[in-house]
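The structure under discussion appears below in the form of structure tokens.
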Number of protein chains: 2
Amino acid sequence: MSERSGLDEDMAQGLSEVPTSDGLAGPAVRRARAWLSRAAEPGSVAFWRFVEDAGPVEAVRRLRAGRAPDAVRALVGARAGQDASLTDLLRAERCGARLVVPEDDEWPAHLLHCLTLATGEEPDDPRHHSPRTTAPVPPLALWIRGAARLDELADRSVALVGARASTAYGEHVAGELGHQLGERGWTVVSGGAFGIDAAAHRGALAADAATVAVLACGVDRPYPAAHGALFHRIAESGLLVSEWPPGAAPHKHRFLVRNRLIAALTRGTVVVEAAARSGAQATARRAHRLGRQVMVVPGPVTSAMSVGCHELLREAELAAVLVTNAAQVVELVGRLGEDLADPPERPSGPRDELSDLAVRVLDACPVRNGVSPERLARVAGCDVLDVLRVLPALELADLVEVTDAGWRLARPGRTGEGRG
Amino acid sequence: MSERSGLDEDMAQGLSEVPTSDGLAGPAVRRARAWLSRAAEPGSVAFWRFVEDAGPVEAVRRLRAGRAPDAVRALVGARAGQDASLTDLLRAERCGARLVVPEDDEWPAHLLHCLTLATGEEPDDPRHHSPRTTAPVPPLALWIRGAARLDELADRSVALVGARASTAYGEHVAGELGHQLGERGWTVVSGGAFGIDAAAHRGALAADAATVAVLACGVDRPYPAAHGALFHRIAESGLLVSEWPPGAAPHKHRFLVRNRLIAALTRGTVVVEAAARSGAQATARRAHRLGRQVMVVPGPVTSAMSVGCHELLREAELAAVLVTNAAQVVELVGRLGEDLADPPERPSGPRDELSDLAVRVLDACPVRNGVSPERLARVAGCDVLDVLRVLPALELADLVEVTDAGWRLARPGRTGEGRG
């Protein structure tokens, strides 16, 4: 039906579907998912189920041969006869990007499983599926720019979302949260927009921490253009992530489709500033429906940019928790993380014998760059005298260490084995 | 044992304990409670139970004759032999005040019942009673300055409490809340301190509404002195209330004892600004223990004066609700008020057929002075176009009327009888 192309020949003859020994999907699978990522807009329940059932390589074959169900073929249309998969993969490589697919070890399967579960509740009849902009469908593949591993960053990550038209207050708080989370070894995940998104990334970068921007366009085509330098810095230490292939334009509906990934890829979502009926509110509600903790930073009741935050905090069914600093965020998502990991029998360590205050100070200590007791006090939400009082005990217990720059967590190697 | 005085003779011979036909306690009862109010500091479970069991007149007789239990006699000490009851009553009269006692119709028995219930849970042994500063004991009598009836004002009242060292933000919000509550016919109850207390009273006064200041000193001795003019204005349209007799000094512990009355005399407590570990937090927690709704206005997380507010909102067991305007406050306490009143079969009126929006606009209309549609929109939390859209229907339903100053609730007389 469609003319034979390089893709079909490659898949039929040369490319293997067998995973490699280093945890990577086979070349045929990657090529097929590259093709699929351009063939249909993400967010379709029917399309995802079709690929899931047939497998990516067979799904491509059927679509190109016109042998897919009508509902699925309609989503692809004339693109069934086109193939830019090799071009896309090469174009990604040229900008330091790659395609991560569910068959790779790096795929954050554990976190994205909530989308699979939610999709399972969609009805059978495609006519009654959730619209693409709100459907909880897993991504078919992720274009990723940056050297870090997505699964590792996402495993200890928090979404920081909020208004584009943010105030100086909101940007200050988002920057502080990004910085404090970064100091504690947590990855910030956000969009790439002006306002809260950018402030959160900048805060994390200032702490020399990895940060992840989930985009609604190609990872080689940063939007907004004014954030070119910011995206470059993010890709250096963290990741740019997108469901859309290189060159894809940031259409408005794509931001709504994208929002589910920000919610799903993180342990919880923090809303810093949000207007009434705003996108940040929508992201928070999606996070809640995916079983993620929603956290909200309040603001002045006189600020239009905090109206949406206060609305979220007043929605009882959302169970959103008011947070004012990173310690409170980590307390919530860290515990959830532990719950999910379900450590069978955690041996008791020196930490278990600490006072509440000492635990707060310990949690305030950054992983990498040492900080002053004043900063620890601010992050831990206690008096600097309290900090000075508990630091010696923490040091004696090999939990913290002092560097030229100040206090930080002790390196695991130094704390001595066999303690637990 | 004690020398005979005017009090004993008056009670033995002239003063009647029989209530008058206009709902007032008999003169002997009032005189006895005046004496008791000076004889012991409020807040003692043992003392209140002794008076409750013996009745006020007999309690005075026994105390003066040295026939009271040791624990109770110890609380009175040498004051058993003194009597300033007549002087106190005359001194109150001279400043436009009076003593309201539980035997008067005006006593807000319904609201104060929560204190009686809570006192019932105190142990029998006086050595194990809650300390005076936190015991939930009903007052023995209330010195009241102002012409309004306490029970009527308290029936539709909200406590507005907060920091003395408030910020311009907090004062603005407290003033707006006081004003909006006053416009809707709700009475503001607060202390008399600088900061949030004063801003709340001033807001209510600016709406020509009654406001109640519960003091920790004599009602003829306003504290702080700089609030002399404010207290004078409060007494003109509202009430100054105190458990302590005229001339009593504002000792520090008396504010803690007083706080239970602010919580008990109102349908709910709104905290506007509060530092960490502050008195306003303590009042909020007391309100919760007395079964009252706790409401909290958030603020910038960068403000030390909002730290206490955010702490309250994070205490799950307190079930505090975040509020940003008077409409949200009235929605909470108004409903509670109705629940308490428990109207057996409320007839359905024109109000029941209104849209949510129309109800919000209706609730935003002041009782007395008309206001602009812009103000209604702000109070109702909706667009001014929405307000203009629903006002004609509300006017046709005889629920609102327009005056030279703007829109207000229609007077009951005009809405026509027999509708419900």
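Proteins get letters first, then strands, A, B, ... in listed order; numbering begins at 1 in each.
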Which one wins on heavy-atom pair count under 4.5 Å against chain A: B:Cys309, B:Ala316, B:Pro298?
B:Pro298
Would you find more than 12 non-hydrogen atoms of other residues, nucleotides or ligands less than 6.0 Å from B:Arg156 atom CZ?
yes
Applying a strict 4.5 Å limit to non-hydrogen atoms, the region of A:Val307 in contact with chain B is neither
Residue-level contacts of residues 202-212 of chain B with chain A, using a heavy-atom cutoff under 4.5 Å:
none
Are B:Val323 and A:His310 close enough that some pair of their side-chain heavy atoms sits under 4.5 Å apart?
no
As an exercise, state the distance from CG of B:Leu322 to CD of A:Glu315, rounded to the nearest 0.5 Å.
12.0 Å
Are there residues of residues 169-177 of chain A that reach to under 4.5 Å of chain B by heavy atoms, and which ones?
A:Tyr169, A:His172, A:Val173
